[in-house]
Amino acid sequence: MRLLLMSDTHLPKRAKALPPQLMAELPHADVVVHAGDWVDTATLDLLEERARRLVGVYGNNDGPALRARLPEVARVDLDGLRLGVVHETGAAPGRERRCAERYPDLDVLVFGHSHIPWDTTTGTGLRLLNPGSPTDRRRQPHHTYMTATVTEGQLTEVTLHRVDRG
């Protein structure tokens, strides 16, 4: 099962549309994950229309229309992999401990908010992933997103992709 992970798209404030490189990944993804800060409902509509399966949450910049359609935290079982999605996890110091305590029922937690790519594993085995942002890199050197594979209940082939803006 192929996953496409993104967060913090902030459309149309930070970009007018999702990058072509990211859109080209959609047909190859079995599950698209968006960890919040969509900003517009058009992006949610687009991904609901084009994704085979969409798992998304709202972020701190998402208004009432998005909050009415999305949860704050999503939990799904993907062929035995217990995956969760949330927008905010707090400051980087102590993140592993906090997330392990808050989400003991998960194997993987995808989060956003910081726009900073992140891939760590807690002492309890919880994998924490932040795909960064494909449209708003903030102080990061590149716009980014992630892909991953779920095989027999295990997360494999996690790849951080740099968006070619040229």
Side-chain angles (χ1 to χ4, degrees), residues 1-11 13-14 22 29-41 43-44 47-48 51-140 143-161:
M1 176 181 299
R2 185 165 166 86
L3 309 181
L4 173 59
L5 314 175
M6 68 184 86
S7 187
D8 298 284
T9 48
H10 290 268
L11 295 178
K13 293 183 178 187
R14 299 293 183 210
L22 182 71
D30 297 297
V31 181
V32 175
V33 175
H34 193 301
D37 273 5
W38 308 70
V39 179
D40 71 341
T41 57
T43 303
L44 175 57
L47 292 181
E48 282 181 334
R52 289 182 203 158
R53 181 176 182 186
L54 177 64
V55 180
V57 297
Y58 67 77
N60 61 299
N61 285 297
D62 295 327
L66 286 160
R67 289 171 186 248
R69 293 173 60 185
L70 296 163
E72 181 178 9
V73 178
R75 287 177 167 82
V76 294
D77 184 293
L78 302 176
D79 290 342
L81 179 81
R82 300 169 303 163
L83 182 126
V85 186
V86 68
H87 185 64
E88 296 185 58
T89 60
R95 178 174 287 140
E96 284 86 2
R97 178 192 49 75
R98 280 191 313 277
C99 290
E101 290 171 359
R102 288 180 189 160
Y103 305 100
D105 58 323
L106 298 178
D107 300 311
V108 176
L109 179 67
V110 179
F111 68 98
H113 189 60
S114 68
H115 300 218
I116 300 171
W118 187 280
D119 184 353
T120 59
T121 302
T122 71
T124 63
L126 173 64
R127 183 97 175 250
L128 301 174
L129 298 174
N130 184 329
S133 172
T135 54
D136 184 10
R137 64 183 176 87
R138 285 201 184 153
R139 294 170 296 280
Q140 298 305 299
H143 298 90
T144 58
Y145 65 92
M146 287 179 170
T147 56
T149 303
V150 177
T151 306
E152 297 179 2
Q154 300 295 313
L155 189 70
T156 61
E157 301 176 37
V158 176
T159 305
L160 179 68
H161 298 270

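Given the structure is predicted, the values throughout are model-derived calculations rather than measurements.
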Is the backbone N or O of [Y] less than 3.5 Å from a side-chain atom of [X], with the two atoms forming a donor-acceptor pair by type?
X	Y	value
Asn130	Gly112	yes
Asp37	Asn61	yes
Thr9	Leu11	no
Thr156	Thr149	yes
Asp107	Leu83	no

Modelled atom types, side-chain donor and acceptor of Arg14 and Thr135, under 3.5 Å: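 Per modelled atom types, Arg14 and Thr135 side chains form no pair under 3.5 Å.
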Could you pull out the closest heavy-atom pair between [X] and [Y], with the gap in Å?
X	Y	answer
Asp77	Gly80	OD1-N, 2.8 Å
His115	His113	CD2-O, 3.2 Å
Ser7	Pro131	N-CG, 3.9 Å
Cys99	Leu109	SG-CD2, 3.8 Å
Gly59	Arg67	O-NH2, 3.2 Å
His10	Asp8	CD2-O, 3.2 Å

Supply the atom-to-atom distance [X] [atom1] to [Y] [atom2], rounded to the nearest 0.5 angstrom.
X	Y	atom1	atom2	answer
Arg102	Arg97	CZ	CZ	8.5 Å
Leu106	Leu126	CG	CG	6.5 Å
Leu44	His34	CG	NE2	8.5 Å
Leu5	Met146	CG	CE	7.0 Å
Asp62	Arg69	CG	CZ	11.0 Å
Ile116	Phe111	CD1	CZ	9.0 Å

Counting only heavy atoms not in Gln154, do more than 12 sit closer than 6.0 Å to its CD atom?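 It does not: Gln154 CD has 12 such atoms or fewer within range.
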Can you establish whether the number of heavy atoms outside Arg75 located under 6.0 Å from its atom CZ is more than 12?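 Yes.
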Apply the test side chain to side chain contact (heavy atoms under 4.5 Å, CB included) to residues Leu22 and Leu4: give CA-CA distance (whole Å), side-chain angles for both, the deciding distance (0.1 Å), then the verdict. CA-CA 9 Å; Leu22 182 71; Leu4 173 59; 3.7 Å; yes
Would you please test Leu78 and Val31 for side chain to side chain contact (heavy atoms under 4.5 Å, CB included) and show each step? CA-CA 9 Å; Leu78 302 176; Val31 181; 4.0 Å; yes
I need the single residue from Met6, Arg2, Arg53 that forms a side-chain contact (heavy atoms from CB on, under 4.5 Å) with Val32. Which is it?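 Single side-chain contact (heavy atoms from CB on, under 4.5 Å) partner of Val32 among Met6, Arg2, Arg53: Met6.
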Is there side-chain contact between Gln140 and Pro117, with at least one heavy-atom pair below 4.5 Å?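 Yes. Closest side-chain heavy atoms under 4.5 Å.
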